Every structure is written in structure tokens, then in C-alpha cells.
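To start, the structure under review is shown below, and the notes come after it.
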2 protein chains.
Amino acid sequence: MADNQLTQLFLAGRVRHGLRAAELDTLDRAVSEVRSLVHGEEVVRRGQRMETSTYLVSGFMIRSVTDSEGGRQILGLHIPGDFVDLHAFPLKRLDHDVSAVGDVRIAQVSHRALRAIIEQHPHLTRILWYSTLLDAAMHREWIFRLGRLDALGRVCHFLCETEMRLRFVEMSDGVTFPMPLSQREIAEVCGITSVHMSRTMAALRQLDLVAFDGGAVTILNYQGLADLGEFDGDYLYGRHGGLFDDDYEDRM
Amino acid sequence: MADNQLTQLFLAGRVRHGLRAAELDTLDRAVSEVRSLVHGEEVVRRGQRMETSTYLVSGFMIRSVTDSEGGRQILGLHIPGDFVDLHAFPLKRLDHDVSAVGDVRIAQVSHRALRAIIEQHPHLTRILWYSTLLDAAMHREWIFRLGRLDALGRVCHFLCETEMRLRFVEMSDGVTFPMPLSQREIAEVCGITSVHMSRTMAALRQLDLVAFDGGAVTILNYQGLADLGEFDGDYLYGRHGGLFDDDYEDRM
DNA sequence: CGGCTTGTTGACCTAATTCAACCACGGTGG
DNA sequence: CCACCGTGGTTGAATTAGGTCAACAAGCCG
């Protein structure tokens, strides 16, 4: 297994149910057509029929929908190593848009290649399925965040989640990590206005919980942040720590 | 195919990607151990290791999580024909609870049987995968509902969604349908307090949009309800109508 | 230089929460 | 039979979180 293969970050840091090198190679061979996107470019538009899915090699992407007055709700943030729209393989059309945040490199996988995989590689199939259910688990946590937390808690929760996910792919050292979203976009994640997000982030600074410098976040008090956000990262199914750290590997 | 098989409602009313009778039979044979639950009984508890998944034969169930002060957020409502925790097959542990609302009949499917299916029936596998992604699509819509709509809109959206899903399984005639949740529980769906839900439902009555009688809802003005809730049911992937009604069947 | 976007701050307003009292009801036990 | 209680729903008054509108400052880019 070459270290420089495209899918090397796929499920990095996660419980991988014994994903084998040969399977990663199979996946890697299915991936083709690497291309670059600039900020705001879409790879999926709501309702459009899909014949390929997209793997995010580097950079960030978001899923979003737009309401009747043009307001946008961000439904998910994708980071390198994510299959951003593998959902489109079983669903064929998606109900939301997927677009680039900043500069992005993606790879495409044809649904024909995925069909071949599910016919010949049941174990790899289950792992791909699993990866789409990680998205669903994050969706549920976003429902919790919006339903039960106030503005301050929502931001704390989002920062904790993002930090942990970036740690899995070694883009966070546990303290400082990149934050590609503007305040306006973080507001669209958290279901509040950008004005109130500005005030909320000021409060976070005031409380010495985090520091924001341009495109990076530095966590000054992890426990305080996790407490305010009622964050428990078990739902991210990290390979180490939490409820899920036991007999996962090499089963099934 | 006997009409009385347990899984007859599975994906009823949905785009089924050419689900064949033989495949439904295969699924039906994998299902066993029908049992009854009373109100509040749990089939999944957060973090618990699962070796079976649950198919809902009759009645209603909810997914939920509880916050640090004991407040509950409902993450999803399940209706007859839903595989309530098929997610647990790839994930092995879930991050939330699943419990009965009122009297319920369920059937269990062992993960061993599901493993056999994904090894021998790739097409059926994709359909099971698809069914879990319908849940994810609903999750996304719940994020939108909580992030972008006010209390009135959230209730309207939830009622429209529930009505459409029940129509798929012929439990709604398009006007009147059962609503198993109390006002308190609908409040836990919509992320508001039960006091405010009482006021919001009073407003809905005032506007002549819906009538509530005990465990049933009657829609008096569907368009008004859908407008307030900004509801567009495409994400439910109904077999008829909407963006998704074209060349779905019998492909793949 | 001007014009754009992002973030900040202030004053005011509104939606929703909180706390409380209260009613209707369907048991359950005396 | 009635007294009792717990649950679900309703209503009112006071409070608060967040939204709205507007002005302005700091980049940043053509």
C-alpha cells in the first residue's frame, strides 16, 4: 500500500471494522478524475441526478439547503478523507447542495465502480455503508445541538466536534486547528444570525475558552468548552477512547 | 408472496429501486422473534452493543437523547414499516435511545442474518443501505427545521412530514392521521418548551390550519400548513410526485 | 483610490422561556 | 361511591435570548 494513495485518509482515526490494505487498494482503484474546485463551487445540486460520488482529498466542503427567504442552513461540514456524497449512490438524487469552502481537491468515483464493489466485496460494502452512517450520527448530534443548546453551547459543541474530527486526520494537535468557515457560515451551522455569532464568539474569547486568529481556532480550555457544549464525542466513533473502544476491529 | 408477511410495509410508497418479491421474501425470512412493547419500553439504549436490529411492525417509536439537565431531544419518529435501528448493523453501537410510543409490535433481525444478506444479495444490500439513508435525509430536514424555522413553522413542517410518511403506509388519507405524540413530545421534537407548544398549537387552530382531537390530527388547509413549514416532501423519496419520480424503478 | 466582504457594536424589538396557578381527565384506593 | 393524585393541557405575567436594523471599522482586491 503506497502511502500516497488518494484514499489514505478514508476513515482515518475511526473504528474501521478491520478495513484491510487490499480493500483500501480496491477503493483507491475505483477513484479517478481528481480535480480542483474554488470557493463556492458546487459538486452536487439539490435534485440533480448523480452518476458519480465525490471523495474529498484536501480542503473543506459543506452541505446546505436554502429556505424561502434565501437564508442558508449548513447541514454538515466535510473534511479531508470524507466521502462527501456517497449518499448519492443509493439515493441517486440528493435533497441538498454540496459546495467547496476555499480551495479544494476532490476525486470522483463512478457509481458503476461502486456497484462492482458491492457485488464483489461485501466487507468493503459494509464499511462504505458504515461511513455514510457516521454522517447520519453527526446529523443526529446537530439536531441535538440545535434543539437543546443555546447559541454559546452550539458554537462550543461545533468547535469540539470539528476539532475531534480534524484530530482523526491529523489536522489538529488537540489545541489549534484550521477553521475554514467565516462567522457568517458558522452562524449558518448554528442556526443563529451572524450578528449574534459575533457576540457569541466575543463571549467565548471573554471566557478565555478559545482564541480565533484568522482561519484558525486555538482551544484554551477544552473542558470548559466541552462542558458548555455538552460534548461527548462517542458518536464520532473514534478508534480510541469512549464507549466504542473495544472489540471492534477485525470483526464482522 | 403472502400478503400477510411481516415486512410488507418495508419501503411502502417509496422509490424502491426495483425491490423484487423474492428479495422481500429473503428479508422476511431473516426476521424473527416478534414481540410486543408497552409505552416507554426501550429496544436500544445509548452505547449498548447490538447483535440484532429491529423492524417496526405496528405502532410508533422514537429515537432520543437526553441533555445534562434531563431534557430530552427527539431525533426521529418511526412508523410501521421502518427498520428502526438498522443503523446498528454497521455501527454496532448507537449513540441514542430508541423506545416505544404507545403499544408496539416489533420483529428482530439478527446481524448474522444481515451479514448473510450482504454476502449473497448485493441488490437487496443496496436497498437496505438506501433505507438507512432515508433516515439520514430526514435528519437533515430536521436540522433545517430547527435551524431556520420558528416554532409555528417547525410544527407545520413536522405535521406535513408525518402525514406524508403515514400516507405511504396508508395510515393517512391525506387529511386525518394518527399522532401518537403528546404535546410535550412534539415540543421535544421541535426544540421548544411544552408551554410554548401549547400556545403554538392554539395558534394553528386559530388559523384554521389543523384540528387536534385526542390522538389524531386533521389538516384543514394543507397548502397553508406546507407554506408555513416550508415543506417540500422530495426528501422523503416518495414513489409518486416530486423531483424523484422518473427512472428510478428497476435500475441498478 | 473606491468598492467589497467580514466582523463589531449599539438601540430597539420580538419570540420564546420561566414560573406559576389552574382545569380536565382517568385511574386507584379507601 | 367519592377522595385523591398524577398527567396533559391551558393561561397569565415577568424575564431573557436572540433578531433586526443601522452605522462603522478593518482588511483586501481590482
Side-chain angles (χ1 to χ4, degrees), chain A residues 38-40 62 67-74 101-103 145-158 178-207 210-217 228-230, chain B residues 38-40 62 67-74 101-103 145-158 178-207 210-217 228-230:
Chain A
V38 299
H39 183 77
I62 51 171
D67 70 18
S68 59
E69 279 99 45
R72 186 168 68 162
Q73 176 67 41
I74 294 179
V101 179
D103 293 336
R145 179 194 295 157
L146 290 169
R148 288 271 93 89
L149 302 180
D150 62 11
L152 198 64
R154 292 180 198 176
V155 181
C156 292
H157 188 285
F158 175 63
M179 171 45 63
L181 303 182
S182 66
Q183 283 194 13
R184 171 167 228 310
E185 291 163 329
I186 301 174
E188 289 167 345
V189 165
C190 293
I192 63 177
T193 59
S194 60
V195 172
H196 195 57
M197 180 54 71
S198 173
R199 293 191 231 267
T200 303
M201 287 174 76
L204 282 175
R205 278 189 294 256
Q206 208 69 32
L207 292 166
V210 291
F212 303 96
D213 3 81
V217 176
L228 272 174
E230 300 193 16
Chain B
V38 299
H39 183 76
I62 52 171
D67 70 18
S68 59
E69 279 98 43
R72 186 167 69 161
Q73 177 66 42
I74 294 180
V101 179
D103 293 336
R145 179 194 295 157
L146 291 169
R148 287 273 93 89
L149 302 181
D150 62 10
L152 198 63
R154 292 180 200 176
V155 181
C156 293
H157 188 284
F158 175 62
M179 172 45 64
L181 304 182
S182 67
Q183 284 194 12
R184 173 168 227 309
E185 290 162 330
I186 302 175
E188 289 167 345
V189 165
C190 293
I192 63 177
T193 60
S194 60
V195 172
H196 195 56
M197 181 53 70
S198 173
R199 294 191 232 266
T200 303
M201 289 174 74
L204 282 176
R205 278 188 295 255
Q206 208 69 34
L207 293 166
V210 292
F212 304 96
D213 2 79
V217 177
L228 272 173
E230 301 192 15

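In this text, all values refer to a predicted model and were calculated from it rather than measured experimentally. First the proteins, then the strands, lettered A, B, ... as listed; each starts at 1.
- The shortest distance between the side-chain N/O atoms of T193(A) and the OP1/OP2 oxygens of dG18(D) is not below 4.0 Å.
- Distance E188(B) CD to dT17(C) P: 13 Å, rounded to the nearest Å.
- Here dT17(C) is the nucleotide among dA15(C), dG18(D), dT17(C) with the atom lying nearest to any side-chain atom of I192(B).
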Test log, rule side-chain hydrogen bond (donor to acceptor under 3.5 Å, both in side chains), inputs E230(B) and S68(A): CA-CA 7 Å; E230(B) 301 192 15; S68(A) 59; 2.7 Å; yes
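- Atom P of nucleotide dA17(D) and atom CG of L228(A) are separated by 13 Å, given to the nearest angstrom.
- Side-chain atoms of L149(A) and D67(B), non-hydrogen and from C-beta on, never get closer than 4.5 Å to each other.
- Contact annotation: the side chain of V210(A) never approaches that of M201(A) to less than 4.5 Å [non-hydrogen atoms, C-beta and beyond].
- For the pair L181(A)/F158(A), a side-chain contact is recorded, criterion being any heavy-atom separation below 4.5 Å from C-beta on.
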Heavy-atom protein contacts under 4.0 Å, nucleotides 5-14 of chain D, coded B base, S sugar-phosphate only, - none: ----SBBBB-
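- Counting heavy atoms from C-beta outward, I186(A) and M179(A) have side chains that approach closer than 4.5 Å.
- Atom CG of D150(B) is separated from atom P of dT20(D) by 10 Å (rounded to the nearest Å).
- Computed from coordinates, the H196(B) NE2 to dG18(D) C1' distance equals 13 Å when rounded to whole Å.
- Taking atom CD1 of residue I186(A) and atom C1' of nucleotide dG7(C), one finds them 12 Å apart after rounding to whole Å.
- Of all heavy-atom pairs between D103(A) and H39(A), the closest is OD1-N, 4.4 Å.
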